[in-house]
Amino acid sequence: MKSPFLGLNKTNTMKYEPAVIEPKWQKYWEENGTFTVQSRIDGNQRKKYVLDMFPYPSANGLHVGHPEGYTATDIVCRFERMQGTAVLHPMGWDSFGLPAEQQAKKTGIPPRTITEKNIANFRRQLKMLGFSYDWTREVATTDTDYFKWTQWIFLLLYNTWFDPVQQKGRPISELPIPQDLAGTPATEAYRDEHRLAYQIEAPVNWCPALGTVLANEEVIQGRSERGNHPVVRMPLRQWMLRITAYADRLESDLEQLDWSDSVKALQRNWIGRSTGAEIDFYVGETAADDYEQWKTERQKTGFPRKPEDFAHFAAICRLPSAVLRIYTTRPDTLFGATYMVIAPEHPLVENLTTPERKEAVVEYCRSAASKSDLDRTELSKEKTGVFTGSYAVNPATGQPIPIWIADYVLISYGTGAIMAVPGHDTRDYEFAKQFGLPIVEVVQRAIGDGSDSRDGCGYGYGGGSGEGSGEGSGFGGGIEVAFTGEGWAINSDKYNGLSTVEFKEKITADLSQMGVGRKAVNYKLRDWLFSRQHFWGEPFPLLHEVDENNNMTGRCIALEESELPLDMPADLKFDAAHNSPEPPLEHAPDSWLYVERNGKKYKRETNTMPQWAGSCWYYLRFIDPKNGGQLVSPELEKQWMPVDLYVGGAEHAVLHLLYARFWHKVLFDYGIVSTPEPFQKLVNQGMILGETEFTGFILPKEKIVESSFTDYESALKKVAEGDAAWVSVSEISIDRDGYGTLKKDGTKLFSVKLSVNNVGKNGDNFFLKDDGVQDIQVDSRANKMSKSRGNVVNPDDVVVQYGADALRLYEMFMGPLESVKPWSMDGVRGVRNFLDRVWKMIVDVSEEAADGRRQMAAEVQNVPLSVEQNRMLHKTVKQVTLDIQTMSFNTAISRMMEFVNFFLKQEVRPKRAMEKFVLILSPLAPHICEELWQLLGHGGTLAYEPLPQYDESVLLESQVEIPISINGKLRSKITAAVNADEQTLEVAALSDARIAELTAGKTIVKKIIVPGKMINLVVK
RNA sequence: GCCCGAGUGGCGGAAUGGCAGACGCUGGGGAUUUAAAAUCCCCUACCUGUAAUGGGUGUGCGGGUUCGACUCCCGCCUUGGGUACCA
């Protein structure tokens, strides 16, 4: 470090004034590059990569939710540096995004200008909070130098196929081409079908209000996640990323991560892996000969592979009809499959529809297609469907079963067709009831009592025996509800008596043997819709061949790596009335839009990438932010990856984290990154809510007829009837001495005479029992911060009033990092008071000292610590160290409060204790600690001072207080030597006056003595 | 419906099998002050008792395990979040 006092403003203030010392130290850190970290780590220095989820720089500036996670990581970083760890702690901007584009449309100001202004504001605010970022590594996803590499990764994805055998991504040039395609123009089409980035013409979620297409993940119940606008389905050419290829690895690699179970569960849920079986149903005439021939052909050809192949298969088999493949997780219920259902979009709809059913089917499919997702889910109560006229053969029973079309079967999952087992599936049951289809039970929930069917299954698990065994298990009669659990097979021929688990395995094997079924795995995860109709996003490095009328004709080709970055057009006219799914880049100047190459004319791709793209890999760029030739240097990547700690909001628990993991795995397959997973440990900070608001009402006593107002609903009614009035109060308190105070906006509204006797509590509500002048009921609730509620807390205001250290400390003191908690300005005042006391503990704040010379408090002296003081110091150091390691910052702070409470009472405060305290407080409240450190006579920064160590032996006390309980109830306490053995303790306990009194005349049945801890006597 | 989490004073929370309520806020009382602010000290789970080093109750509800349960087990209730015709 450089000269200690260089560039520091001398302050003449005795008082703790954050407004003076905080900017002073921020300037010092910046000028001295205190937190700049060398990319190369020396020798075997320990490394730690601590990452915050970088923010979207919105026009609103920082929200108090941001500093919560940022403070937590900052504490960890500062703590680690003081232990000699090399710490990488960067910050940047996720700066593409819709708001800037919308503002640009409105104002005509280019989005880049808007974004830069917002970034400047965010940067100022973050620096104001004293976070120890290495600002030399700052990146923004909108920087050309940055999105060059986002485009580069896209090209990599484009030029990759997923090899299912090796379970990894490989160069598209290594894709084996089927012989019949080799050398033909179809080769390229075949490759295009296998790329990780591919385009489709498909129904997409078009949101007119936002003017964009949304990913499935961004649509919630038929409405947009952002803004809650209606979303309609319409066909459009789109780019997709084949994330489903990595579903298995994305799921199984979760195991090795140090993430909360809930986030892992969330991701598993989203991936939605299920295992079951695919079963092929013979469709057409039911003649046994045909059926046997069909099975033989199946075994010979191995066809069909995909639903689209079915018709083809029927043709090559020269069979009258086709084959219908379904997916089920319950192959054990095959004997109960009494009909089949295919989705309205299923490729076989036409083939399966008989002439006399055609009209009804066409009509049904048309109405299903016009339904939005919203309609489909909202109308889910009523099942709809139509019979095709065709039948399939249940391979287990050989019986023909009808094939229906219904929109409760989704084309996008499994094979788009199901075998319906109304006896054991709720949806099939509802459908069967509605259309009068047969219901057969094939699973028994428990072995019937008294019956003999127990043979062959000695399993003890399963539903509660005895109870419940009678109801619902009698087949033949109509059942009231489908039993969807596991149990034992009935009505299943030779499989009867098998458990669900056994049955599944057996029948899957048997079907496989017959060539009509096989084990199968399915995922809920869908491919990632990767294109957006925005201007303010990364352009795709792609070109489409066009004819002289600029219509896309030929293939799509990719740019070369050397052509990157592909910048967006400089002068784009925004069409304010733009209200179609057409991308804004369609309006780009021709000079940008059209390219000539090898004598052919090409048009650029006009879709852009979604905001997720830039945030998928930013953690890699921080390692090597200025590398012009590589995304990241392999050597540096190896040193710093993986991210050791990643902190951010739970709202990214699924999408961002899944997308980033997917990209990372592709990079891993190419050896560009060295770890299979990017983020080793993940912590989600809980949301900070607005201040708790109290709503209450006052009910004039005379109008109360009965006490029913203690119930909230009836109180509401009374208010409505005019018998009671609402008040909005910011605070109410009822003390035990007989006065309750009701305040509004900080002003006292009135006091009510109350007493403990007549104040009752019902849940969260107070009420007067009797004798009260008025009855009061108060409802308290903390809400999300929002502009419309007017409860947004601005970090700027808090820093002006209380200082950055106070804000940091308060956010950490509120409660556990991961829980949701309401803001409290009084709480901020509380930690500010603590900082004032810390200051007073060390600095001379007396009148006499106000002559301009700052000095230590007279109590701070260069003397050894007393035993008690030393113990307090070591205890505090120990607790704080452990708490920071487990990120329990709230308790760490409370320990330090105890330290200050203790030492403020000491007439002599050894300087050494003060110094150590300042060091352990410094990760949490760095500014005040730097100042105090300087005042204690040290030069430079304390950022790299070794962290104080604690000595376990100092903590040992010679005497301890031992609680004595009788029958589990605390009755007395004795003081004993810390190492007193059981016998000594027993004697001491029994001779204790109070214990002797309470045990007199009674028998001590048992004595539990835990040396050094407690004594419990069981007395009769 | 399914998956995950939570439920402790007036409030935020602490204690993961051994003294429930640390620490902080709020409220009350006192000191200081001409006064106020600021600061400092004391009290603050509930009921009961004239009193205390008193008695009783108490960690969402009902059971259980244990000498001992906020903590572990079983069954519920409430609540927050995620997800949903995913076969």
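All chains are named by letter (A, B, ...) in the order of the sequence lines, taking the proteins before the strands, and each is independently numbered beginning at 1. Since the structure is predicted, the reported quantities are computational estimates derived from the model, not experimental observations.
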Quiz item: Base, backbone or nothing for each nucleotide of nucleotides 54-79 of chain B, written B, S, -, heavy atoms under 4.0 angstrom, 5' to 3'?
Solution: -SSS---------BS-----------
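Listed by chain and residue number, Val263(A), Leu266(A) satisfy the side chain to side chain contact (heavy atoms under 4.5 Å, CB included) test with Ala653(A) (two or more places apart in sequence, or in another chain). Residues passing the side chain to side chain contact (heavy atoms under 4.5 Å, CB included) test with Phe435(A), sequence neighbours excluded: Trp404(A), Phe431(A), Leu437(A).
For the OP1/OP2 pair of G81(B) and a distance below 4.0 Å, the side-chain nitrogens and oxygens of Asn684(A) include no atom meeting the criterion. In terms of phosphate contacts, Ser274(A) brings a side-chain nitrogen or oxygen within less than 4.0 Å of OP1 or OP2 of A87(B). Contact annotation: Asn269(A) side-chain N/O to A84(B) OP1/OP2 distance is not under 4.0 Å. Asn890(A) has a side-chain polar atom (N or O) that falls below the 4.0 Å cut-off from OP1 or OP2 of A14(B).
Atom CD1 in Ile893(A) sits roughly 14 Å away from atom P in G13(B) (whole-Å rounding). A87(B) atom P lies 13 Å from atom OH of Tyr523(A), rounded to whole Å.
Taking the C1' atoms as reference points, A20(B) lies 7 Å from A15(B), given to the whole Å.
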Quiz: residues 964-972 of chain A side-chain donor-acceptor pairs under 3.5 angstrom, not counting sequence neighbours:
unit_1	atom_1	unit_2	atom_2	d
Asn967(A)	OD1	Val1019(A)	N	2.9
Asn967(A)	ND2	Val1019(A)	O	3.3
Ser972(A)	OG	Asp992(A)	OD2	2.9

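The line from CG of Asp826(A) to CD of Glu691(A) is 7.0 Å long, rounded to the nearest 0.5 Å.
Sparse packing is recorded around CD of Glu255(A), with 12 or fewer heavy atoms of other residues, nucleotides or ligands lying under 6.0 Å away.
Counting only Watson-Crick and G-U wobble pairs whose two distances sit under 3.5 Å, RNA chain B takes part in these stems of three or more pairs: B:1-7 with B:77-83, B:10-12 with B:23-25, B:27-31 with B:39-43, B:45-48 with B:54-57, B:60-64 with B:72-76.
For G9(B), the O4'-C1' to base torsion is within 90° of 0; the nucleotide is therefore syn.
Counting distance only, with no hydrogens placed and no angle test, the side-chain atoms of Lys264(A) and the base atoms of C4(B) include no donor-acceptor pair under 3.5 Å.
When heavy atoms are screened at a 4.0 angstrom cut-off, Val831(A) is found touching no nucleic acid atom at all.
Counting only residues at least two apart or on different chains, the side chain to side chain donor-acceptor pair (under 3.5 Å) pairs with a member in residues 886-903 of chain A are Arg837(A)-Asn901(A), Asp883(A)-Thr891(A), Thr886(A)-Ser888(A), Arg895(A)-Glu898(A).
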